[in-house]
Every structure is written in structure tokens, then in C-alpha cells.
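Just below is one structure, and these are the notes that go with it.
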Protein chains: 2
Amino acid sequence: MGMSFMVLVVTVSWFWSISTTCVLAAKQAYISPQQENQKLRFDQNGEFKILQVADMHYANGKNTLCLDVLPSQNISCSDLNTTAFIQRMILAEKPNLIVFTGDNIFGYDSSDSAKSMDAAFAPAVASNIPWVAVLGNHDQEGSLSREGVMKHIVGMKNTLSKLNPPEVRIIDGFGNYNLEVGGVQGTEFENKSVLNLYFLDSGDYSKVPTIPGYDWIKPSQQLWFKRTSAELRKVYIKGLVPQKEAAPGLAYFHIPLPEYANFDSSNFTGVKIEQDGNNGISSASVNSGFFTTLVEAGDVKAVFTGHDHINDFCGKLMDIQLCYAGGFGYHAYGKAGWSRRARVVVASLEKTDKGSWGGVKSIKSWKRLDDQQLTGIDGEVLWSKSFRENNGANQIGGN
Amino acid sequence: MGMSFMVLVVTVSWFWSISTTCVLAAKQAYISPQQENQKLRFDQNGEFKILQVADMHYANGKNTLCLDVLPSQNISCSDLNTTAFIQRMILAEKPNLIVFTGDNIFGYDSSDSAKSMDAAFAPAVASNIPWVAVLGNHDQEGSLSREGVMKHIVGMKNTLSKLNPPEVRIIDGFGNYNLEVGGVQGTEFENKSVLNLYFLDSGDYSKVPTIPGYDWIKPSQQLWFKRTSAELRKVYIKGLVPQKEAAPGLAYFHIPLPEYANFDSSNFTGVKIEQDGNNGISSASVNSGFFTTLVEAGDVKAVFTGHDHINDFCGKLMDIQLCYAGGFGYHAYGKAGWSRRARVVVASLEKTDKGSWGGVKSIKSWKRLDDQQLTGIDGEVLWSKSFRENNGANQIGGN
């Protein structure tokens with residue numbers, strides 16, 4: 001693993017400058033979600049940063065021991081190491097939003113799901129940074145159902161998580177919602193959503209006897225996504241400073257899509273050391289078409305999942321980046337000696353002709369390892385307005 | 001081709017007994033769709049038979065010449081040969097329903113889409129047998145749009161085709177609808193739909209620049225299908241003679257699903273001699289998840305498409321038969337010396353304890369070739385209540 005991993009490290013200078021010694025108190029510009037009608041927006045530097053935390057697998061705190069760590073780490077290693085890692089990440093990155101992509105708690109080992117969640121999300125709550133969560137396949141395995149877990153999350157402090165879109169009568173799962181990120185205050189883009197975030201419930205396990213394995217994103221969810229995306233596009237290309245194309249979007253959920261299996265080390269950045277599933281990808285065993293729906297909608301430039309703790313790559317397929325965060329939690333399987341990690345994404349705005357901030361120009365990402373330096377690795381540009389590709393017209397067959 | 005083809009012919013005696021010399025007038029028991037509120041139902045022999053006609057590619061009648069026929073057939077071969085083949089099939093099989101699965105007309109070569117349709121469907125209209133149609137990728141290439149073509153079809157005589165489900169506000173495509181087939185009149189099942197037929201618009205060509213090739217069935221259509229299937233199940237397992245499971249369903253549309261590429265001659269009945277596409281299957285280049293949706297819904301036992309004229313197989317995947325009809329029309333590409341053909345499906349009811357007719361017991365299929373004897377080939381049981389498989393419980397992974 002070590003060799004292929006090192007080869008793939010891309011040294012990009014723009015993420016090394018972040019000092020891990022900054023303190024959160026320095027982030028005075030932050031506007032709490034309670035203010036300004038919970039509107040997320042880009043800061044005066046034209047940036048919006050998201051910290052993704054995948055697979056905390058939190059249970060009962062200090063009594064819940066670590067899995068797959070080195071013998072030297074094993075002494076007194078517990079859920080509290082997961083907590084400490086979040087705290088350090090928040091201090092180091094000072095994100096504008098924290099996204100927890102499921103398996104936030106490990107229900108089987110939790111004595112009380114609500115308490116486990118309160119402890120797991122505590123560093124996010126305490127940071128006063130807006131945070132959101134979606135469900136994984138283990139969150140409901142404790143004292144609360146999936147609905148109960150999501151309802152608890154929605155009721156927590158500083159979260160922008162939602163149970164489900166209120167305008168949809170019936171939708172599969174719990175925790176399907178979207179958030180709009182506004183342009184910089186005082187600019188022409190301040191009332192436009194220049195970055196759109198989609199959060200979906202990718203379910204837990206198949207309920208269909210003839211389909212083994214994990215669950216998938218259903219047509220009802222895809223239809224909601226499509227309509228939401230179309231509506232956001234419609235608004236973005238109209239009004240003040242009408243734009244030619246939809247604002248870029250990012251999608252977050254737990255279980256990877258079957259299309260994640262299309263990559264190998266020749267065309268991704270990061271590592272894939274999982275052995276199970278299809279080519280190391282534990283997606284559903286069937287394809288429910290969400291990748292097609294994403295390509296068709298056209299606005300989502302990158303998808304971020306967890307689930308496979310020892311995969312952490314991003315690979316691009318049909319102009320969409322399919323990314324893992326890599327496992328974050330210490331009470332989750334991992335690989336001894338392979339650091340727990342988190343993914344950071346930052347979207348940067350372009351300057352308008354008038355010297356003001358406009359729409360999104362680029363989306364970059366990197367990961368940080370839970371070592372002494374919180375080492376940053378795999379910095380890469382996921383999407384860039386100027387570099388965007390056009391693969392041309394449709395091919396028409398003869399049938 | 002010839003050899004593998006012959007090897008796969010399954011000689012099943014139950015379809016050889018049909019005399020091709022019967023005349024339609026003998027079918028006195030038929031109830032026209034205008035009667036009895038257009039309700040389709042099983043006949044007093046406990047059977048319901050469907051004739052599938054795929055890819056007529058009809059244009060301007062006798063002036064539109066045949067493609068890919070033997071030199072000996074070429075003289076005066078035209079669209080009228082397609083017409084004659086339908087007439088012979090109707091006489092031979094006396095179906096309860098005729099289903100045209102798209103590319104009914106070849107728009108490019110048609111001087112008037114409405115006239116082409118009137119001529120193409122004329123034998124079905126004249127037979128007084130209920131008939132339906134869905135759209136292929138060529139139907140709209142003449143003087144009418146897809147909506148215009150489907151509206152024209154819906155307005156024709158004796159058709160049960162519908163433009164779209166009235167209860168759905170927005171749905172992709174034109175010609176998404178379902179039909180219920182009632183049990184035998186005078187039995188406890190007379191007011192139950194014992195067989196459900198779904199018709200969908202699989203589109204024409206991708207409208208997404210980054211996705212080449214053919215179109216696909218969208219989330220809006222899948223959601224409509226899921227809800228319709230769930231509603232039909234709910235009704236079937238309640239009321240008079242409540243049933244344990246949903247009534248079986250059959251789905252008809254034009255473009256095959258990507259999952260059709262999962263077969264080879266070792267696990268299908270029929271032939272695959274197409275060379276293009278993915279493993280000889282010209283599906284969309286992306287997977288939009290309708291197969292998953294079908295498996296999840298659970299009631300559809302077989303899917304019937306056209307599009308690939310020189311594939312005519314059925315193969316079973318996850319308890320669903322994926323079938324082609326094989327090309328029917330003479331102004332469509334084919335293979336000289338390889339007969340144009342049609343697929344027949346017959347559903348048979350089981351006897352109840354009281355000696356009356358109950359729900360569906362089995363679904364069989366065969367094809368007939370347009371040769372002198374209308375030779376029947378590839379007879380097979382597609383689904384049987386008693387032989388139904390259960391692949392057991394879900395596998396649960398470790399992530």
C-alpha cells in the first residue's frame with residue numbers, strides 16, 4: 001500500500017500554508033446559522049470550505065476501544081481519539097461547514113443512540129460552525145430507528161440538517177435535503193446561490209430478497225434531486241447577473257455508487273486498498289441510476305461518500321469527481337499504520353470584471369491525516385470553470 | 001449464426017398445435033375494448049395472449065423497399081410485406097392484445113407520419129383486437145414530434161394506448177401507461193387484475209452532451225412505475241380472494257436495458273447476432289437504474305423490448321426475463337436469410353380449489369418466423385408460480 005500511496009501524493013503548495021496552531025477564536029467573520037436565516041455564504045476572501053468526516057463509528061466514548069491501530073497506539077485509544085481528531089481538524093481548517101457522511105455512530109455497540117450522537121457531534125456543536133449529517137448503514141443499529149436518528153440530528157444545535165424536503169409528499173429514506181451557499185455579501189451575487197450542496201440518504205441494506213448487500217438511492221430521491229437541481233439552475237441563469245450555466249453542486253452521501261468501481265490507480269488520486277465488494281468498492285450490488293441522473297442534471301461536479309474506510313481516492317468519470325473521504329473514526333475498521341483521515345473541499349470564487357466576487361471558479365480538495373502534523377495529502381483541483389471539458393455532441397446509432 | 005441458433009431451439013409441444021389456417025372470424029368470444037369499459041380480461045379458457053411486433057419501420061407502403069432480404073425476395077418486397085406478416089400473425093395466433101414496441105414508423109423515410117402510422121397499424125385496427133404502442137427512437141423523425149406521434153396513436157381505433165398517466169403532473173416522455181388484465185368473467189377473480197402490463201417510453205437519443213448514444217428511462221417514469229406497481233399489489237392482496245403476492249406483470253418498451261448485456265448463448269434462449277453496442281446490446285451507454293427498480297418492485301416477471309433487430313433472445317437475471325422480440329419490419333435492417341419474426345406471450349391461469357379460474361400460473365413465450373409455415377421457435381416457460389425461485393436473505397457486509 002505504502003508505495004502506491006506515496007506515488008500518488010500530489011504536492012500542491014496552496015494547502016500547506018495552513019497553520020495547525022491557529023485557534024478557532026480567530027474566526028471572527030463567521031456568521032452563525034441562526035443569524036441571517038441560516039444562509040450559508042462565501043466569505044470576504046471568496047472562499048467556502050467544507051470539512052467531511054466519514055464513518056466516525058462512535059459508540060460510548062472512552063469505554064469504546066479503537067480498531068486496527070498499531071500496538072503502540074492501542075493503549076487507552078478510544079472514541080475520544082475520534083473526538084480529538086475532529087477538534088484538531090476544526091482548529092486547523094476552520095471550515096465554513098462540517099459534513100458527516102454517515103456511520104456517525106456504530107449502533108450495535110452504542111448503549112444509547114442519542115447519547116452516542118450527542119458525544120460524536122459535540123466538537124462540531126461546540127465549534128459554532130454549521131454542520132450537517134447524513135445516515136450510513138450503521139446509524140440505526142442502536143436504540144433509535146433511521147427516522148429517530150435523523151430526527152435527533154435535526155434537533156441538535158448549530159446543525160442545518162433536515163429530515164426531508166417539505167415539498168415532497170413521499171420520499172425514500174431520511175435526511176434528503178439541499179443547502180444553498182450564497183455569494184459574497186455586498187456583491188451582485190449575494191442573493192444568488194453560487195454553490196449548491198445536496199445531501200441524500202443512501203440507505204442501509206437491500207430490502208429485496210433477490211438483491212444482496214447494501215441499499216441504494218431510489219427513484220423518489222433522484223426525482224427530488226433532479227427537480228431541485230433544475231429549479232436552482234433556472235434561478236441562477238436569471239435575475240441579477242444572469243449566468244450561462246448552473247452553479248456547481250456537490251453531493252454528499254454514505255454508500256459509494258457502483259461507478260466508483262471504474263477506476264484504478266492510473267486514473268484516480270488517492271488509494272484503494274479495500275478488498276471486498278466489486279473491485280474494492282462496496283456499493284449496492286445493483287445500479288439504481290443515480291450517476292446517470294447526476295450526469296443528466298449536470299450541475300454536480302463532485303460526489304463525496306464514505307463507507308469504504310480504507311479507500312480515499314477521487315476519480316473523474318464523465319466530468320464528475322467520485323470521491324471518498326477515507327475513514328475518520330477509531331472505532332471503525334481501518335488499517336493499522338494507515339492514518340485516519342478527513343477530506344477538505346474549498347470552493348473559490350472568480351473576480352468579476354468590476355473587481356468584485358462572482359461565481360465559483362474552482363473547487364479544490366485535499367485530505368489531512370491524523371498524525372502529529374495533520375499532514376495534508378493529495379491536493380488536487382476537482383473542478384475548474386476554465387478547464388471544464390466539453391466532450392461534444394451525441395453519437396447517434398443506427399438501430 | 002445458424003448453428004448456435006439451431007442448438008437453442010427448444011421444442012415444446014404446446015405451441016405447435018395452433019393451426020395457421022384458422023380464421024379470425026372464429027374468435028367469437030372476443031369482447032371489443034369499447035365494450036365493458038375497455039377492460040382486458042382472461043378468456044374462458046384461462047388464457048391471455050399477447051402478440052409483440054417490434055420495429056416495423058413503416059414508411060410509405062408499397063414504394064418503400066425492403067432492407068437486408070435475399071435477392072430472391074427482393075423483387076417487389078416493400079412495407080406491404082410487413083403488413084402481410086402482421087395479418088398472418090393475427091390470423092395464426094388470435095391474440096388478446098397486440099403490442100407494438102416502437103420504431104413503428106421510420107420517420108426519415110416517411111412522407112407523412114400520420115399516414116405511415118395509419119398504414120402500419122391498419123391490420124391491428126382491422127382485426128378489432130385491442131392494440132397498444134410505445135415509441136422507439138425513429139418514430140419522431142418524420143413530420144410529427146414524439147408527442148404528436150403518441151397523440152395520433154392514442155386517437156386511433158381499437159387502441160388502448162395512452163399519452164401518459166393522468167395522475168402524474170410531470171413525467172418524461174410520451175406513452176407511459178399501464179393496463180390491467182382482469183380474471184375470468186363469472187369467477188371470484190373477475191374484478192381483480194391478475195396480470196399487469198406496463199408500457200414505457202424509453203426515449204430516443206441522449207440529450208446530455210457528455211453521454212453519447214441512446215436515451216433511457218428517467219426517475220420520473222420509474223417513480224410512476226413503482227407507485228403503480230405498489231398500488232396494484234395493495235389491491236391484489238386485499239379484497240375478495242386476497243392473494244399473498246402481487247399479480248405478475250410484464251413491461252414493454254423499445255430500447256433494451258444495459259442488463260441485457262449480461263447474457264451469452266450459455267444462459268439465454270434465442271440468438272444475439274448484433275455486433276454493435278456493448279456486447280451486442282444497443283442500450284443507453286449509462287445505467288439509469290430501471291432494472292433495479294423492476295427488481296425492487298418485484299411484480300414484473302418479464303421485460304420485452306425491440307431496437308436490436310437481429311437479437312431475439314430471452315435471458316433471466318435476478319428472476320426477471322429480459323426479452324427481445326426480434327425485428328419484424330421489412331424496411332428495417334436485418335440479416336438476409338434470417339426471417340423477420342414476432343414474439344408471442346401467453347399467460348395461463350391456475351385452477352382454484354373450487355375448480356374455477358384463479359390467478360396466473362405460468363407465462364410462456366415463443367416466436368414465429370415469417371416463413372411459409374410461420375414456424376414457431378424457442379418455446380419456453382418465462383415464469384411459473386410453482387417454479388419461482390427464492391434466492392434467500394440479504395447478505396450484510398462489514399462496512
Side-chain angles (χ1 to χ4, degrees), chain A residues 55 103 136-138 170 204-214 216-227 255 258-259 274 276-277 282 284-293 295-298 306-309 318-320 332-333 389-399, chain B residues 55 103 136-138 170 204-214 216-227 255 258-259 274 276-277 282 284-293 295-298 306-309 318-320 332-333 389-399:
Chain A
D55 301 88
D103 286 2
N137 51 298
H138 288 305
I170 298 169
D204 49 6
Y205 304 100
S206 167
K207 306 297 181 293
V208 182
T210 52
I211 304 177
Y214 295 107
W216 54 87
I217 294 172
K218 305 298 192 311
S220 64
Q221 299 167 279
Q222 296 185 42
L223 189 62
W224 161 75
F225 162 76
K226 268 189 81 167
R227 289 179 178 174
I255 299 174
E259 284 79 3
E274 293 278 354
D276 291 341
S282 288
S285 64
V286 290
N287 190 326
S288 78
F290 190 48
F291 181 75
T292 298
T293 298
V295 175
E296 192 182 1
H307 190 57
D308 291 326
H309 308 172
M318 289 182 166
D319 289 348
I320 298 182
Y333 79 83
E389 294 161 8
N390 187 344
N391 287 339
N394 301 340
Q395 291 166 21
I396 293 179
N399 300 49
Chain B
D55 302 88
D103 286 1
N137 50 298
H138 288 305
I170 298 169
D204 49 7
Y205 304 100
S206 166
K207 307 296 181 296
V208 182
T210 52
I211 304 178
Y214 295 107
W216 53 87
I217 295 172
K218 306 296 193 312
S220 64
Q221 300 167 278
Q222 297 185 42
L223 189 62
W224 161 75
F225 163 76
K226 269 189 81 166
R227 288 180 178 174
I255 299 173
E259 284 79 3
E274 293 277 354
D276 292 341
S282 289
S285 64
V286 291
N287 190 326
S288 79
F290 190 49
F291 181 75
T292 298
T293 297
V295 175
E296 192 181 2
H307 191 55
D308 291 327
H309 308 173
M318 289 182 167
D319 289 349
I320 297 181
Y333 79 83
E389 295 164 8
N390 188 344
N391 288 340
N394 302 341
Q395 290 166 22
I396 292 177
N399 301 48

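Residue numbers begin at 1 in each chain, while the letters A, B, ... track the order of the sequences. What you see below is based on every heavy atom in this structure, not just the backbone, and it leaves out hydrogens, waters and symmetry mates.
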Check the angle between the aromatic planes of B:Phe290 and B:Phe225 and answer parallel, tilted or perpendicular using the 30° and 60° thresholds. perpendicular
B:Ile217, part contacting chain A, at a heavy-atom distance under 4.5 Å: neither
Mutual orientation of the aromatic rings belonging to A:Tyr214 and A:His307 [parallel < 30°, tilted 30-60°, perpendicular > 60°]: perpendicular
Heavy-atom pair count under 4.5 Å with chain B, highest-scoring of A:Leu223, A:Val295, A:Thr292: A:Thr292
Between A:Asp55 (side chain) and A:Asp103 (backbone), is there a donor-acceptor pair under 3.5 Å? no
Heavy-atom side-chain proximity of A:Met318 to B:Val208 below 4.5 angstrom: no
May I ask you to test the A:Gln222-B:Gln222 pair for a side-chain heavy-atom distance under 4.5 Å? no
Ranked by heavy-atom pairs below 4.5 Å to chain B, first place among A:Ser220, A:Gly289, A:Pro258, A:Gly136 goes to A:Gly289
Atom group of A:Ile255 that falls short of 4.5 Å from chain B, counting heavy atoms: neither
Contact part of B:Thr293 toward chain A, heavy-atom cut-off under 4.5 Å: side chain, backbone, both or neither? side chain
